[in-house]
Amino acid sequence: MKRQAKLILDDGTTFSGWSFGYDEDTHGEVVFNTAMTGYPESLTDPSYAGQILVMTYPLVGNYGVPTTEMASNGLPALIESDRIHVRAFVVADYSEDCSHWNAKERLADWLKREHIPAITGIDTRRLTKVLREHGVMMGRMVIEGSEDCCDTATNETVDYGSVNWVQQVSCKEVIAYQPDGERQHRVVLVDCGVKANIIRCLLRRGIEVVRVPWDYDFNQLAFDGLFLANGPGDPERCELTVQHIRQFLNSETVRPCMGICLGNQLLAKAAGARTYKLKYGHRSHNQPVRRVGTTQCFITSQNHGYAVDDATLPADWQPLFVNMNDGSNEGICHRSHPWMSAQFHPEACSGPVDTEFLFDEFVKMLR
């Protein structure tokens with residue numbers, strides 16, 4: 001039996017449809033993604049923690065869900081983490097039937113198994129226009145016959161930016177991953193909500209990856225390079241991580257560093273720059289970026305709601321990439337030391353692989 005469902009934004013705008021996920025009310029920051037494919041990877045991306053994800057591409061679910069099992073190296077075989085991280089899922093047209101060579105189950109069955117509410121049958125283009133004009137905002141998903149998650153009289157929900165989402169999705173202990181072949185280098189990866197494919201990309205390049213929690217003092221370890229992973233929420237909530245990165249940058253021993261997404265913002269903050277919240281963020285597979293000082297342009301996969309303020313970068317740092325749509329920062333680098341970062345996802349799972357060469361550049365800097 002179908003249950004009616006509603007998505008109610010903080011400004012009172014209401015969208016009505018049908019529930020096809022777990023029948024439970026929830027709330028979160030409502031954001032949209034314009035990618036045409038890759039919903040299993042997006043749903044399991046820890047950077048979506050605390051958010052209600054809207055897909056602008058109308059048809060979702062038609063190729064099902066691949067295996068969610070773990071590989072022998074301790075990473076998920078085909079998805080980006082060990083569980084779904086979004087608070088809820090919003091689509092225009094959910095396909096009950098799926099057909100794909102590696103589909104193991106239907107999207108609806110997976111969502112129900114992981115207790116993730118979902119709504120279909122609404123105009124996601126209209127919803128996206130509302131978010132583009134107003135900016136992202138908090139919202140509630142209310143399922144017919146389910147007990148409401150928050151106070152409907154006051155319409156109160158927890159402010160997304162006030163929560164340390166990184167703390168919730170980061171690993172709780174140090175985990176070591178051995179490379180696919182002979183070990184070439186040892187890299188510490190600060191897990192702020194890392195996507196599994198980042199680790200896979202490093203392992204394929206002969207890197208032993210030592211994954212540490214977001215607040216772990218990695219400076220006490222022996223390693224050849226530092227990697228700052230992606231993650232959810234406001235970088236202002238990660239002051240402990242910033243302090244540890246700043247200690248690394250000020251060390252007498254200069255070692256390479258690379259950051260991705262939130263890692264770009266944390267590296268910038270450790271250097272002395274500031275960050276700010278974008279109106280509706282960059283969440284897609286088609287964000288064009290240009291390498292500063294060149295005419296090289298790349299199509300990139302992105303998922304972030306905050307950005308680095310270029311004007312606040314210290315004199316010994318410079319922008320590395322710039323967004324061709326809005327001019328926002330897409331990466332930074334030090335003028336003399338081997339430290340760089342990208343706001344986009346070079347590992348791009350799912351998405352374009354135009355910039356995976358950045359992993360090779362990072363490996364070349366290791367000694």
Stepwise, does the side chain to side chain donor-acceptor pair (under 3.5 Å) test hold for Glu80 with Asn197? CA-CA 7 Å; Glu80 292 306 297; Asn197 203 44; 5.4 Å; no
Mind checking whether Phe362 and Phe227 have ring centres under 6.0 Å apart? yes
Quick one: pull up CG in Asn102 and NZ in Lys104 and give me the separation to the nearest 0.5 Å. 7.5 Å
Atom CE of residue position Met365 - does it have more than 12 heavy atoms of other residues, nucleotides or ligands inside 6.0 Å? yes
Do Glu29 and Arg87 sit within salt-bridge range, that is, some charged N less than 4.0 Å from a carboxylate O? no
How far does OG1 of Thr120 sit from CG of Asp93, to the nearest 0.5 angstrom? 5.5 Å
Does anything in residues 110-144 form a ring pair (Phe, Tyr, Trp, His ring centres under 6.0 Å)? List the pairs, not counting sequence neighbours. Tyr22-His115
Between Asp326 and His282, is the side chain to side chain donor-acceptor pair (under 3.5 Å) condition met? List the steps. CA-CA 10 Å; Asp326 63 10; His282 298 154; 2.7 Å; yes
Validation row: Phe321, Arg290 side chains within 4.5 angstrom (heavy atoms): no
So, are Lys112 and Asp109 salt-bridged, with charged N and O less than 4.0 Å apart? no
Under a 3.5 Å cutoff, is there a donor and acceptor pairing between the side chains of Glu330 and Gln302? yes
With a 4.0 Å cut-off on N to O distance, would you call Glu361 and Arg291 a salt bridge? yes
Under 6.0 Å between ring centres: does that hold for Phe344 and Phe298? no
Less than 4.5 Å apart, side chain to side chain, heavy atoms only: is that true for His304 and Leu278? yes
Quickly, which of Val212, Leu226, Ile199 forms a side chain to side chain contact (heavy atoms under 4.5 Å, CB included) with Leu189? Name it, please. Ile199
Can Glu114 and Arg83 be counted as an ion pair, charged N to O under 4.0 angstrom? no
Considering only heavy atoms from C-beta outward, does the side chain of Phe218 approach that of Val190 to under 4.5 Å? yes
Please determine whether side-chain contact (heavy atoms from CB on, under 4.5 Å) holds for the pair Ile122 and Thr124, giving the CA-CA distance in whole Å, both sets of side-chain angles, and the decisive distance to 0.1 Å. CA-CA 6 Å; Ile122 72 168; Thr124 52; 4.0 Å; yes
Here the pair of heavy atoms bringing Ala273 nearest to Leu313 is CB-CD2, 3.8 Å
Tell me, with the steps shown, if Gln51 and Val30 meet side-chain contact (heavy atoms from CB on, under 4.5 Å). CA-CA 6 Å; Gln51 295 177 324; Val30 185; over 6 Å; no
May I have the step-by-step check of salt bridge (charged side-chain N to carboxylate O under 4.0 Å, His left out) for Arg205 and Asp360, ending in yes or no? CA-CA 8 Å; Arg205 289 165 171 79; Asp360 298 319; 2.7 Å; yes
Pairwise distance CD(Glu24) to OG(Ser19) - rounded to 0.5 angstrom: 11.0 Å
Under the side chain to side chain donor-acceptor pair (under 3.5 Å) criterion, do Asn33 and Tyr48 qualify, and how do the steps go? CA-CA 11 Å; Asn33 186 315; Tyr48 280 115; 2.8 Å; yes
Any chance you could lay out the side-chain contact (heavy atoms from CB on, under 4.5 Å) test for Gln178 and Leu203, step after step, and finish with the verdict? CA-CA 7 Å; Gln178 298 304 316; Leu203 296 179; 6.0 Å; no
Just so I know, are the side chains of Leu127 and Leu9 near enough to count as touching, which here means a heavy-atom distance under 4.5 Å? yes
Ignoring hydrogens and angles, state whether a donor on the side chain of Asn62 or His100 is under 3.5 Å from an acceptor on the partner side chain. no
Return the minimal non-hydrogen interatomic distance between Gln167 and Asn164, and the atom names on each side. N-OD1, 3.1 Å
Carefully, step by step, assess Asp10 and Arg140 under the rule side-chain contact (heavy atoms from CB on, under 4.5 Å). CA-CA 8 Å; Asp10 257 3; Arg140 297 177 295 134; 5.9 Å; no
Go through it in stages, so that I can follow the logic: the residues are Glu133 and Lys279, the test is salt bridge (charged side-chain N to carboxylate O under 4.0 Å, His left out), and I'd like the CA-CA distance, side-chain angles, deciding distance and then a yes or no. CA-CA 9 Å; Glu133 292 170 6; Lys279 185 177 181 180; over 6 Å; no
Answer yes or no: does atom CZ of Arg274 have more than 12 heavy-atom neighbours from other residues, nucleotides or ligands under 6.0 Å? no
Greater than 12 external heavy atoms within 6.0 Å of Lys277's NZ: yes
Scanning both residues in full, the closest heavy-atom pair of Phe359 with Pro346 reads CE1-CB, 3.8 Å
Do Asp234 and Tyr160 get their side chains close enough for a donor-acceptor pair, meaning under 3.5 Å? no
Between the SG atom in Cys257 and the CG atom in Leu267, the distance rounded to the nearest 0.5 Å is 5.0 Å
Check: Pro179 and Glu208 side chains under 4.5 Å, non-hydrogen atoms: yes
On the six-membered ring of Phe223, is Arg255 placed so that its NZ or CZ lies under 6.0 angstrom from the centre and within 45° of the ring axis? yes
Hey, are Glu144 and Lys6 close enough for a salt bridge, meaning a charged N less than 4.0 Å from a carboxylate O? no
Sequence neighbours excluded, the answer for ring pair (Phe, Tyr, Trp, His ring centres under 6.0 Å) partners of Phe89 is none
Chi angles and distances behind the salt bridge (charged side-chain N to carboxylate O under 4.0 Å, His left out) call for Arg204, Asp180: CA-CA 6 Å; Arg204 287 199 299 268; Asp180 298 341; 5.8 Å; no
Is the number of heavy atoms from other residues, nucleotides or ligands within 6.0 Å of NZ (Lys2) greater than 12? no
Calculate, to the nearest 0.5 Å, the distance between atoms CD and CG belonging to Gln265 and Asp309 respectively. 12.0 Å
If the plane angle is over 60° it's perpendicular, under 30° parallel, otherwise tilted; pick one for Trp317 and Trp339. parallel
d(Thr68 OG1, Ile84 CD1) to nearest 0.5 Å is 9.0 Å
Pair Glu347 + Lys195: basic N to acidic O under 4.0 Å: yes
Given the options Leu107, Val65, Ile116, Leu43 meets side chain to side chain contact (heavy atoms under 4.5 Å, CB included) only with Leu107
For residues Ser341 and Leu320, report the shortest heavy-atom separation together with the two atoms involved. O-CD2, 3.9 Å
Taking Arg3 first and then Asp23, would you say they form a salt bridge - that is, a charged N and a carboxylate O separated by under 4.0 Å? yes
Would you say that more than 12 heavy atoms from the other residues, nucleotides or ligands in this model lie under 6.0 Å from the CD of Gln220, or not? yes
For Asp224, is there an ion pair with Arg186 - N to carboxylate O distance below 4.0 angstrom? no
Distance-only donor-acceptor check, side chains Asn329 and Gln343, under 3.5 Å: no
Report yes or no: do Ser95 and Asp97 form a side-chain donor-acceptor pair below 3.5 Å? no
